[in-house]
Protein chains: 2
Amino acid sequence: MSEGATGLIEAGAGAQPQPGERRRGIDRVIMLLEALLKHRAPMRIGDIAKMINAPRSTTYEIVNSLLEAEMLENVGSEGYVYFGRAMHLFGWAYSHHNAHYRRILETLDRMAAETGETVQLCGLRGNKYVVLDCRDSPGPFRISSDVGVEVPIPWTASGRLLVGHMQETELKDFIPAADYELPDGRVIAPDEFFADVDLARRQGFSETSALADRFTWCMAAPIRDSHGAINTTLCFVLPVDTPEPRRNQLLELLRERARALSLAGS
Amino acid sequence: MSEGATGLIEAGAGAQPQPGERRRGIDRVIMLLEALLKHRAPMRIGDIAKMINAPRSTTYEIVNSLLEAEMLENVGSEGYVYFGRAMHLFGWAYSHHNAHYRRILETLDRMAAETGETVQLCGLRGNKYVVLDCRDSPGPFRISSDVGVEVPIPWTASGRLLVGHMQETELKDFIPAADYELPDGRVIAPDEFFADVDLARRQGFSETSALADRFTWCMAAPIRDSHGAINTTLCFVLPVDTPEPRRNQLLELLRERARALSLAGS
DNA sequence: TTAGTTTGTCCGATATTCCAGACAACATGT
DNA sequence: ACATGTTGTCTGGAATATCGGACAAACTAA
């Protein structure tokens with residue numbers, strides 16, 4: 001049971017709609033919000049009901065409650081709903097309640113401005129990797145509005161750092177077997193991945209080239225919390241053909257900034 | 001019935017704890033999140049229970065559900081909880097799902113960088129005014145991490161614009177009588193306020209000096225959605241003693257940028 | 001036109017959630 | 001030592017939230 005953060009929504013897919021099955025309103029709310037996040041666009045209430053496998057009448061009831069609380073809001077004129085203003089405020093409160101996170105965002109801004117490259121802040125969500133925030137390079141490439149999209153851990157440089165605290169046996173349980181298959185069909189050998197994780201832990205950074213996508217070179221460095229644990233990583237997403245001297249220079253900057261943001265020493 | 005967005009939480013204050021009173025989980029969740037937002041800091045579960053007037057056992061149950069969904073997370077080592085990573089992602093999704101909002105945030109960044117002043121994006125939440133986002137002036141003054149804090153509409157310049165679509169009689173119902181009293185004890189005459197609203201509507205901007213606080217001069221300009229309605233405003237928060245020529249220059253900039261962000265014409 | 005689908009609302013029944021209260025374990029302070 | 005206050009967990013029972021299904025209205029597509 002890899003009961004991750006998004007465990008509930010899985011029920012949406014495979015669960016046989018057992019007759020008489022009844023769920024709590026709270027769980028429905030959670031499933032609904034995660035479904036919206038996964039879908040990344042306004043949805044019709046009927047479609048939401050199908051997606052989270054809930055009765056239509058219940059879905060209407062819940063959506064109306066959330067609309068009234070402004071956690072959802074109507075989008076467009078006919079029947080679509082998406083996240084609302086209240087969610088924005090809750091999320092803002094999350095990202096600003098501690099000075100640490102604020103410093104991280106400032107660093108993100110500064111690095112993007114100084115280098116002109118795409119910079120990301122990454123973390124785990126359940127047993128997946130997610131981008132928590134990003135500053136896109138101003139160039140024409142990469143729209144990367146992929147904040148919040150769940151990606152298999154083995155596809156990413158940051159992922160190799162974020163699981164650094166786990167034993168190999170733990171890792172085997174933690175990462176679904178399917179996650180070793182890349183989008184282009186190649187499969188990463190788990191042992192190779194474990195070796196990568198180990199290497200990343202020892203050198204204190206991680207790089208991947210043309211892994212999840214053929215055109216990018218990613219480099220990640222860990223941000224440690226006050227216990228020394230790695231909760232988030234800082235990460236550059238570069239064109240694969242970035243010349244090596246520049247890459248080294250950027251890696252140096254990345255590691256320095258990530259170190260400065262870590263709370264371990266202070 | 002001024003059933004605003006935050007209607008539910010009001011029950012927390014005045015409601016007599018009717019013996020057989022029982023509430024839905026969903027409503028408890030909404031009350032809980034709004035209580036956290038209002039409190040603006042991590043809280044203990046016991047205190048949350050008191051604040052939202054819920055049984056302790058129920059509160060534990062709900063908090064644990066939300067923790068598992070990462071909508072809340074533990075803060076510090078002993079018993080405090082606050083908003084979690086999922087909220088950040090939901091909020092991010094809200095603020096980036098449409099190009100319009102993204103353009104607004106970019107404008108906010110640009111204006112702050114160009115002028116060095118504090119810039120805010122403001123809107124309504126129920127029958128209160130809230131700051132939706134801000135860029136603080138780099139100067140030593142004003143911490144203004146007041147995003148999401150509810151403020152009476154008559155205290156603000158933006159408020160005068162945001163209610164511009166309402167009739168005077170509607171306004172009388174909409175704004176609680178208590179909201180005309182300023183923090184320093186002065187009371188705004190409702191008729192004077194209605195005249196302000198009217199003026200703001202006619203001139204397409206609004207200014208207040210030393211109103212909610214003695215040291216600031218605020219100016220706001222409306223951002224109109226595709227129906228021409230005013231959903232949000234752009235706003236400068238200046239020191240009261242800013243010289244008039246500079247104020248005029250900033251006002252001009254503000255109005256121009258707000259107009260550029262409005263969707264009415266295009 | 002007819003036939004089919006979807007939307008939003010309403011209803012009554014029952015399976016279940018939410019509640020009150022008790023409990024142990026741990027902090028307090030005096 | 002005691003009295004008093006927490007925190008986190010569990011329980012049984014009763015009020016009720018969720019569900020299935022029905023309904024009219026609005027849209028499609030022939």
Side-chain angles (χ1 to χ4, degrees), chain A residues 8-9 11-12 15-36 39 41-69 71-82 84, chain B residues 3 7-9 11-12 15-36 39 41-69 71-82 84:
Chain A
L8 280 169
I9 209 180
Q16 62 271 41
Q18 271 216 26
E21 183 162 29
R22 198 177 149 169
R23 294 185 112 93
R24 294 196 310 172
I26 298 192
D27 295 333
R28 296 285 192 202
V29 168
I30 294 170
M31 287 187 283
L32 193 159
L33 296 176
E34 287 182 348
L36 265 188
H39 193 254
M43 291 177 80
R44 298 267 203 66
I45 301 185
D47 296 326
I48 295 177
K50 276 176 210 137
M51 186 151 190
I52 67 176
N53 222 329
R56 252 159 31 83
S57 53
T58 306
T59 309
Y60 272 95
E61 169 90 24
I62 290 174
V63 168
N64 286 331
S65 290
L66 296 180
L67 282 173
E68 202 188 346
M71 290 176 59
L72 297 182
E73 70 184 31
N74 283 101
V75 176
S77 40
E78 274 319 323
Y80 285 84
V81 297
Y82 204 52
Chain B
E3 261 285 300
L8 281 167
I9 209 179
Q16 63 270 40
Q18 272 216 25
E21 185 161 29
R22 196 181 149 165
R23 294 186 112 95
R24 293 197 309 172
I26 298 193
D27 294 334
R28 296 286 192 202
V29 168
I30 294 170
M31 288 187 284
L32 192 159
L33 295 175
E34 287 182 348
L36 266 187
H39 193 255
M43 292 178 80
R44 298 266 202 65
I45 299 184
D47 296 325
I48 294 176
K50 275 176 211 138
M51 185 150 189
I52 66 176
N53 221 328
R56 252 160 28 83
S57 52
T58 305
T59 309
Y60 272 96
E61 167 92 25
I62 290 174
V63 167
N64 286 331
S65 291
L66 296 180
L67 282 173
E68 203 189 343
M71 289 177 58
L72 299 181
E73 71 184 31
N74 283 100
V75 175
S77 40
E78 273 320 322
Y80 285 85
V81 296
Y82 203 52

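Chain A is the first sequence line, chain B the second, and so forth, proteins listed ahead of strands; every chain is numbered from 1.
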Report task. Please check the phosphate of C:dT7 (OP1 and OP2 only) for any side-chain N or O of A:Arg44 closer than 4.0 Å. Result -> yes
Query raised in the report: Roughly how many Å is it from CG in B:Asn74 to P in D:dT7, rounded to a whole number?
Result: 14 Å
Report task. Could you state the atom-to-atom distance from CZ of B:Arg22 to P of D:dA15 in whole Å? Result -> 9 Å
Query raised in the report: In whole Å, what is the span from the CD1 atom of A:Ile62 to the C1' atom of D:dC19?
Result: 11 Å
Query - Nucleotide D:dA26, atom C1' - distance to CD of A:Glu78 in whole Å - result: 10 Å
Query raised in the report: Considering only side-chain heavy atoms of A:Arg23, which listed nucleotide, D:dC19, D:dT9, D:dA14, is closest?
Result: D:dC19
Query raised in the report: Ignoring hydrogens and angles, does a donor from either the side chain of A:Arg24 or the base of D:dA17 sit under 3.5 Å from an acceptor on the other?
Result: no
Query raised in the report: Has A:Thr58 got a side-chain N or O lying under 4.0 Å from the OP1 or OP2 atom of D:dC19?
Result: yes
Query raised in the report: Taking OH from A:Tyr80 and P from C:dT6, how many angstroms apart are they, rounded to a whole number?
Result: 13 Å
Query raised in the report: Of A:Ile45 and B:Arg28, whose closest DNA chain C nucleotide lies nearer the 5' terminus?
Result: A:Ile45
Query - Close side-chain approach of A:Asp47 to A:Lys50, heavy-atom, < 4.5 Å - result: yes
Report task. Check whether the side chains of A:Arg24 and B:Ser65 place a donor and an acceptor atom closer than 3.5 Å, and report yes or no. Result -> yes
Query raised in the report: Considering only side-chain heavy atoms of A:Tyr60, which listed nucleotide, D:dG21, D:dT7, C:dT7, is closest?
Result: C:dT7
Requested in this report: Decide yes or no on side-chain contact (heavy atoms from CB on, under 4.5 Å) for B:Leu33 and A:Met71, but give the supporting numbers first.
Outcome: CA-CA 10 Å; B:Leu33 295 175; A:Met71 290 176 59; 3.8 Å; yes
Report summary line: Result for 5'-nearest mapping on DNA chain D, choosing between B:Gly46 and B:Ser57, is B:Gly46
Query raised in the report: How close or far is atom P of D:dG20 from atom CG of A:Asn53, stated in whole angstroms?
Result: 10 Å
Report task. Assign B:Arg56 to base, sugar-phosphate, or nothing according to its heavy-atom contacts below 4.0 angstrom with the strands shown. Result -> base
Query raised in the report: Measuring from B:Arg22:CZ to B:Arg28:CZ, what's the distance to the nearest 0.5 Å?
Result: 10.0 Å
Report task. With the side chain counted from C-beta on, respond yes when B:Val81 and B:Leu66 share a heavy-atom pair under 4.5 Å apart, and no when they do not. Result -> no
Query - Integer-rounded Å distance: C:dG8 P and A:Glu61 CD - result: 15 Å
Report task. Take the protein atom CG of A:Asn64 and the nucleotide atom P of D:dT18, then report the distance between them rounded to whole Å. Result -> 13 Å
